[in-house]
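Scope of the values below: all heavy atoms of this structure, side chains included, with no hydrogens, waters or symmetry mates.
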Amino acid sequence: MCSSPKSSRAVNKTAINFNDELTQEQRLRFAAKANLAQERREQREATNKRYEQKHASNKTSSGLFSWLQQLVS
């Protein structure tokens, strides 16, 4: 009296080959959108990296030694 479904009643899910169901035009559009998304991702990562580098020097430490360094400089 197990509550789990029996394997004989389970729905067989067949593997769908994505490329077989696309036309050539659909493949080209899909590739173009994927390439644009990749380009945007790379631009965003480069922008974030520049922002981190620019603002890394602005972070201040709260220690006594760093306070003295800021006072002297």
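- Closest non-hydrogen pair, E21 versus Q26, comes out as O-OE1, 3.9 Å.
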**OP:** Mind running side chain to side chain contact (heavy atoms under 4.5 Å, CB included) on R44 and T47 for me, showing each step along the way?
**Re:** CA-CA 5 Å; R44 184 179 65 245; T47 302; 5.7 Å; no
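- Checked options H55, K54, Q53; the residue passing with Y51 is H55 (criterion: side chain to side chain contact (heavy atoms under 4.5 Å, CB included)).
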Original post:
Going through the distances and angles, do K33 and L36 end up as a side chain to side chain contact (heavy atoms under 4.5 Å, CB included)?
Top reply: CA-CA 5 Å; K33 284 189 179 187; L36 284 174; 5.5 Å; no
Original post:
Can E45 and K49 be said to form a side chain to side chain contact (heavy atoms under 4.5 Å, CB included), step by step?
Top reply: CA-CA 6 Å; E45 289 172 353; K49 187 176 180 181; over 6 Å; no
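- For E25, the salt bridge (charged side-chain N to carboxylate O under 4.0 Å, His left out) partners two or more places apart in sequence, or in a different chain, are R29.
- Q24 meets the side chain to side chain contact (heavy atoms under 4.5 Å, CB included) test with R27, L28; sequence neighbours excluded.
- Take R41 and apply the side-chain hydrogen bond (donor to acceptor under 3.5 Å, both in side chains) test, not counting sequence neighbours, and it matches Q38.
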